[in-house]
Amino acid sequence: MIYCTFTNFKMSLRKFITSGIQDVLDNKLGGLSGNKQQQQQQSNNSSSSLNSNHQPPQQDYNMNPGGYPNQPYGNAGYRGMPPQQPGYGNAEYDPYGQGQAPYPGSGGGGQHPYPGGNQGGYPGQGGAGYPQPPQYGFAGNQQGGDYPPQQPGYPQQHHNQQPSYPPQQSYQQGGPQGGFFPNQGYGQPVMIGTPSLFPVPGFNANADAEVLRKAMKGLGCNNSKVISVLCQRTNGQRQEISKAFKVMYGKDLIKELKGELHGDFEDLILALMDAPAIYDAKQLYKAMDGLGTKESVLIEIMTSRTNAQIQQVRDAYKMLYKKDLERDLIGETSGHFKRLLVSLCAGGRDESNQTDPLRANQDARRLYQAGEKRLGTDESTFNAILASQNFNQLRMVFEEYQKVSNHSIEKAIEAEFSGDVRDGLLAVIAVVRNRPAYFAKLLHDSMKGLGTRDNDLIRLCVTRAEYDMADIRNMFQSLYRTSLENMIKGDCSGAYKEGLIALVNGNRG
């Protein structure tokens, strides 16, 4: 009995101890479990807060054609990635530190420069990123009056252009209203005149390049398409077309034209593709190259260009032939004609156009005494006055000479001089008196008689189209009682004829 009671007590004690230990363990383990759940809840709250404030949201990359996920960090990026713009790549990412968009003219939006769009994408088309190469020649864009605003794809004058042509303010031979100046050629206006070619409004270099490619694609060449583009654009616009052609098709436009064209028409189109100062330099070199010298070309160019143009021609000549123009002129000419050309080549004529009546009278008397009044001729006096004074002053000198001698200065030059120096001085006087009449006579001389002096005809049409061709055209009609167009039709044929007529008639009606 006692044993059973003790046994029951022992079992109860064991249960009591076991139950107590279990309670203690449960309490301990329960506390740890609660702390763990609380910490987990805090961790979840913290993670949720981090996701809402700092972590980038989950991205569906299939919905973002740009490649990188859209970032909430602005320009800071995500893990070093550049900021992503919608639509086309990282337009603001600038690994070279140039601050440029990936395509010129894209404006930071990454617009793709496909041909045919007028939004930029080609060098010189109003976009950042592509430096303009140095050019010798004009890229004519002048704002004024009825002149259309600057179009995309047309070069601005401040893009690494050459020094300006100073305006020749006294020459007002029927210039257009509204302040338009012809092609700012090597820079600023050469004169106030009426060109036949004006910058085309809404010009699109890409579209014109595509027209030319189609014209030259396949067998033969559509010469009419070539004329409709290259003979109806200014030189600056033609340079942009050439750039666009290379960018779009990976080919050089000049080489393509050489391969497709031939004869006089090829010479005409290639002359149009040269920047004007380059073309003048080539013409001067050609006139002096080989046996003999074509003095008429030297006279035409050297007497009719302004100081800034002369300087640009000298620079172009040096670049092309690694020779000095003045030295070549000295080597190819002689006597007083050589001195006249050296004076003109210096490009030091007064271009202020200020006049002094008293000085004009004194200079007229000096010329009279240096020529007709004495035995022999003091050529240096004629050279000093005719090669240095501005055109307005020289016109006054000519008027005074008429009063002093009772005949024109031209008659005195013909009587006192001979040969090339006579022709040079008469050319200076002709340009001073009436520039359109001077060039109208040269055009007539290039076509009169048997045969045509095609190189002269091409040079005159190409170099005057953006300056005063409309004035020359009118003067030609007045002097010779026939139109310049009709005379070209009678002497030329085919695409060559059509190209010349396109330059003469121009792109405004």
Side-chain angles (χ1 to χ4, degrees), residues 132-139 160-166 168 183-188 190 235 239 254 267 270-271 273-351 379-380 382-390 417 419-428 431 442 455-456 458-460 462-463 467:
Q132 298 299 312
Q135 297 178 357
Y136 293 94
F138 349 140
N160 295 332
Q161 295 294 330
Q162 285 64 45
S164 299
Y165 268 165
Q168 192 170 325
N183 189 346
Q184 285 188 352
Y186 317 83
Q188 294 292 324
V190 177
N235 189 272
Q239 304 307 320
I254 306 295
D267 294 339
L270 294 181
M273 295 308 298
D274 274 331
I278 293 287
Y279 181 70
D280 277 350
K282 288 181 178 180
Q283 289 292 298
L284 290 170
Y285 182 82
K286 185 176 180 180
M288 294 184 284
D289 191 32
L291 294 176
T293 301
K294 194 169 184 181
E295 289 83 1
S296 61
V297 176
L298 305 183
I299 291 170
E300 175 197 324
I301 293 176
M302 300 305 295
T303 60
S304 63
R305 305 310 193 247
T306 64
N307 293 344
Q309 287 176 322
I310 292 293
Q311 183 58 53
Q312 290 301 314
V313 171
R314 292 182 62 164
D315 292 344
Y317 195 93
K318 187 92 170 181
M319 181 192 73
L320 289 171
Y321 306 112
K322 305 296 185 283
K323 300 167 74 177
D324 184 71
L325 175 59
E326 182 179 315
R327 289 192 177 186
D328 279 1
L329 291 172
I330 292 172
E332 293 293 329
T333 58
S334 61
H336 294 289
F337 179 55
K338 174 183 69 176
R339 295 179 187 178
L340 174 62
L341 291 180
V342 169
S343 296
L344 296 172
C345 188
R349 182 183 296 280
D350 169 32
E351 292 180 333
E379 294 88 352
S380 61
F382 284 83
N383 191 95
I385 293 173
L386 295 180
S388 65
Q389 296 189 10
N390 70 66
F417 294 86
D420 296 327
V421 66
R422 177 196 61 197
D423 295 340
L425 292 174
L426 289 175
V428 171
V431 170
L442 292 181
N455 189 63
D456 293 344
I458 289 170
R459 183 180 61 254
L460 291 164
V462 167
T463 58
Y467 290 97

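Atoms considered below: every heavy atom in the structure, side chains included; atoms not considered: hydrogens, waters and symmetry mates.
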- State, to 0.1 Å, how close G347 and N307 come at their nearest heavy-atom pair, and which atoms those are. O-CG, 3.1 Å
- Rounded to the nearest 0.5 Å, the OG atom of S304 sits from the CD1 atom of I299 at a distance of 11.0 Å
- Residues forming a side chain to side chain donor-acceptor pair (under 3.5 Å) with Q283, sequence neighbours excluded: N455, R459
- Task: Using side chain to side chain donor-acceptor pair (under 3.5 Å) as the criterion, list what pairs up with D420, not counting sequence neighbours.
- Result: none
- Those residues at least two apart in sequence (or on a different chain) that pass side chain to side chain donor-acceptor pair (under 3.5 Å) with D423 are none
- Message: To check you understand the geometry: which heavy-atom pair defines the closest contact between A281 and L320, and what is its length?
- Response: CB-CD1, 4.1 Å
- Partners of D267 by side chain to side chain donor-acceptor pair (under 3.5 Å), sequence neighbours excluded? none
- Gap separating the SG atom of C345 from the CG atom of D328, nearest 0.5 angstrom: 10.0 Å
- Query: Say you draw a straight line from CZ of R305 to CD of Q312; how long is it, rounded to the nearest 0.5 Å?
  - Reply: 13.5 Å
- Using only heavy-atom distances, determine whether the side chains of N235 and Q239 contain a donor-acceptor pair under 3.5 Å. yes
- Query: Looking only at heavy atoms, which two atoms of I254 and L270 are closest? And how far apart?
  - Reply: CG2-CD2, 4.0 Å
For residues 332-342, which side-chain donor-acceptor pairs fall under 3.5 Å, sequence neighbours excluded?
| residue | atom | partner | partner atom | Å |
| --- | --- | --- | --- | --- |
| E332 | OE1 | T293 | OG1 | 2.9 |
| T333 | OG1 | L329 | O | 2.5 |
| H336 | NE2 | E379 | OE1 | 3.3 |

- Message: I need the full list of ring pair (Phe, Tyr, Trp, His ring centres under 6.0 Å) pairs touching residues 273-314, with sequence neighbours left out, sorted by first then second residue.
- Response: Y285-Y321
- Tightest non-hydrogen contact, residues L284 and L298, listed as CD2-CD2, 3.7 Å
- Note on the structure: Minimal heavy-atom distance between G424 and T303, with the atoms involved, is O-CG2, 4.0 Å
- Query: For the side chain of R349 and the backbone of L386, is there at least one donor-acceptor N/O pair under 3.5 Å apart?
  - Reply: yes
- Query: So, for M288 and Y317, which heavy atoms are closest and what is the spacing to 0.1 Å?
  - Reply: CE-OH, 3.6 Å
- Message: M302 vs I310, test: side chain to side chain contact (heavy atoms under 4.5 Å, CB included). Steps then yes/no.
- Response: CA-CA 7 Å; M302 300 305 295; I310 292 293; 3.8 Å; yes
